[in-house]
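Everything below concerns the one structure shown next.
Any value given below was found using the heavy atoms of this structure, including those in side chains, with hydrogens, waters and symmetry copies removed. Letters A, B, ... mirror the listed sequences (proteins, then strands); counts begin at 1.
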There are 2 protein chains.
Amino acid sequence: MESRIERLCVERGLKMTGQRRVVARVLSEAEDHPDVEELYRRASALDQHISIATVYRTVRLFEEHGILERRDFGGGRARYEPTEPGPHYHLIDIATGKVIEFQDPAHEQLMHAVAARLGFDLVSLRLELFGRRRDGSAPPPDRDPPPEPLSDSPEAGRDLRLRDPTKGASR
Amino acid sequence: MESRIERLCVERGLKMTGQRRVVARVLSEAEDHPDVEELYRRASALDQHISIATVYRTVRLFEEHGILERRDFGGGRARYEPTEPGPHYHLIDIATGKVIEFQDPAHEQLMHAVAARLGFDLVSLRLELFGRRRDGSAPPPDRDPPPEPLSDSPEAGRDLRLRDPTKGASR
DNA sequence: ATATTTGCAAAGCGTTTGCACGGTT
DNA sequence: AACCGTGCAAACGCTTTGCAAATAT
């Protein structure tokens, strides 16, 4: 079966190799924001004939073609998610590392206004919220229209930079 | 002469060595958001007896003591600035890499509201604007109350990740 | 048939660290 | 005097890359 992302690749004229197909499929099925190592793990499960170097090359390629978006939630590794139509942002649960997506058009307007006030046209912006689940609030609250799609992902909630005491160094 | 940051160090009981004094002074005098290499360069100009490892250790120490804040404007290297009283954000000129600081209390409220809507207490957030100077707008516009302090800094305006064609790789 | 892609292992970058030495309190 | 900070160079973690073999069009 042809995955959604594979279809995008073909549309954009990318040469489809076996490993690209696998990565495309893994990405199409991802509900979260995996890093390269995680993609490699999932891809390997489907097809042993993939090296991590190829995964790196593939995500870069896909990103350059607008198929994928690279995110940096702190932690030193890039995270990826398929490009979605509208802009959205991320709230990271610092206790679990879970990532919740949300939109906020009002915020966008505000940032355009801020940039304009400073004499700039806003080209892009980066926004991430780090929060702690309110105890007393069951998992995601279920307001009228659900607060927007959500997704989860691994990663210790780290605000600054990594500092993993289980390993030697870090960056 | 004792620099502002040196004073903070003493207040917090840090042992003041020659190299820490120099780094403290460089930071006190910085109007921008230098990375470690730049700090090292400036510190070396004042005192040869400093190694870059010490600069790394010192900024980490200062950061752990709340004297310094680490920033990540993309580009793969951490940038530093002395801790300031209120929170503020950064707009990066993608043409020049210049960094302009701004505040926006309204934005903060909004983000608290967003987090609350999702069932979270906002612990911290990361916000950076990337923009292009409006041609037709002289440098920073001079509205009633000046649009807030500004500062500049090196760095190619790169949104994604580094990709410096003058060097081999990058991350 | 030919230009691209892959795997492997090595290199690169920013950052941290082990160790012996030197300076601070 | 005891401890802590420093310099050097080596190690680290993530990512990119050179090269020869494999593959897509």
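Considering every non-hydrogen atom in both B/Arg21 and B/Met16, the closest pair reads NH2-O, 3.0 Å. Taking all atoms of both residues into account, the shortest heavy-atom contact from B/Tyr40 to B/Ile52 is CE1-N, 3.5 Å. Minimum heavy-atom separation, A/Ala24 to A/Ile5: O-CB, 3.7 Å. Residue A/Leu91 comes nearest to A/Phe102 through the heavy atom pair N-CE2, 3.9 Å, listed as atom of the first residue, atom of the second, then distance.
Residue B/Thr17 places at least one side-chain N or O closer than 4.0 Å to OP1 or OP2 of D/dT6. Between D/dT16 and A/Arg60, a contact under 4.0 Å exists linking OP1 or OP2 to a side-chain N or O. In this model, the phosphate group of C/dT15 is approached by a side-chain N or O of B/Tyr56 to a distance below 4.0 Å at OP1 or OP2. Regarding contacts with the backbone of C/dG23, every side-chain N or O of B/Gln19 stays at 4.0 angstrom or more from both OP1 and OP2.
Taking atom CG of B/Leu61 as the reference point, atom P of D/dC4 lies 13 Å away to the nearest angstrom. With rounding to whole Å, B/Arg21 atom CZ is found 13 Å from D/dG5 atom C1'. Computed from coordinates, the A/Arg70 CZ to D/dT15 P distance equals 8 Å when rounded to whole Å. Separating the CZ atom of B/Arg79 from the P atom of C/dG14 is a distance of 13 Å, rounded to the nearest angstrom. B/Asp47 has its CG atom 13 Å from the C1' atom of C/dG23, to the nearest Å. Separating the CD1 atom of A/Ile52 from the C1' atom of C/dC8 is a distance of 13 Å, rounded to the nearest angstrom. Atoms CD (A/Glu64) and C1' (C/dT4) sit 15 Å apart, rounded to a whole Å. Here the P atom of nucleotide C/dC13 and the CG atom of B/Asp72 are 19 Å apart, to the nearest Å.
A donor-acceptor pair shorter than 3.5 Å can be found between the side chains of B/Glu108 and B/Tyr89.
Taking five base pairs at each end of the helix from C/dA1-D/dT25 to C/dT25-D/dA1, the local helix axes there meet at an angle of 30°, rounded to 10°.
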Residues B/Glu101, B/His33; criterion side-chain hydrogen bond (donor to acceptor under 3.5 Å, both in side chains); working and verdict = CA-CA 11 Å; B/Glu101 304 191 342; B/His33 303 73; 2.8 Å; yes

Are there any protein N/O atoms within less than 3.5 Å of an N/O atom in nucleotides 18-22 of chain C, and if so, which ones and at what distance?
from	atom 1	to	atom 2	distance (Å)
C/dG18	O6	B/Arg57	NH1	3.4

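Taking A/His88 as the reference, A/His90 meet the ring-ring contact (aromatic ring centres under 6.0 Å, His included) condition, with sequence neighbours excluded.
Counting heavy atoms from C-beta on, the side chains of B/Pro82 and B/Arg4 come closer than 4.5 Å.
Of all nucleotides listed (C/dT15, D/dT15, D/dC8), D/dC8 comes nearest to the side chain of B/Ser51. Closest to the side chain of B/Lys15, from the set D/dG5, C/dG14, C/dG7, is D/dG5.
Proximity of a side-chain donor or acceptor of B/Arg79 to a complementary backbone N or O of B/Phe73 within less than 3.5 Å is not detected.
The pair A/Arg41-A/Glu38 counts as a salt bridge, with a side-chain nitrogen and a carboxylate oxygen less than 4.0 angstrom apart.
Each of A/Met16 and B/Val55 has a nearest nucleotide on DNA chain D; the 5'-most of these lies closest to B/Val55. Between B/Val59 and B/Gly18, the residue whose closest nucleotide on DNA chain C is further toward the 5' end is B/Val59.
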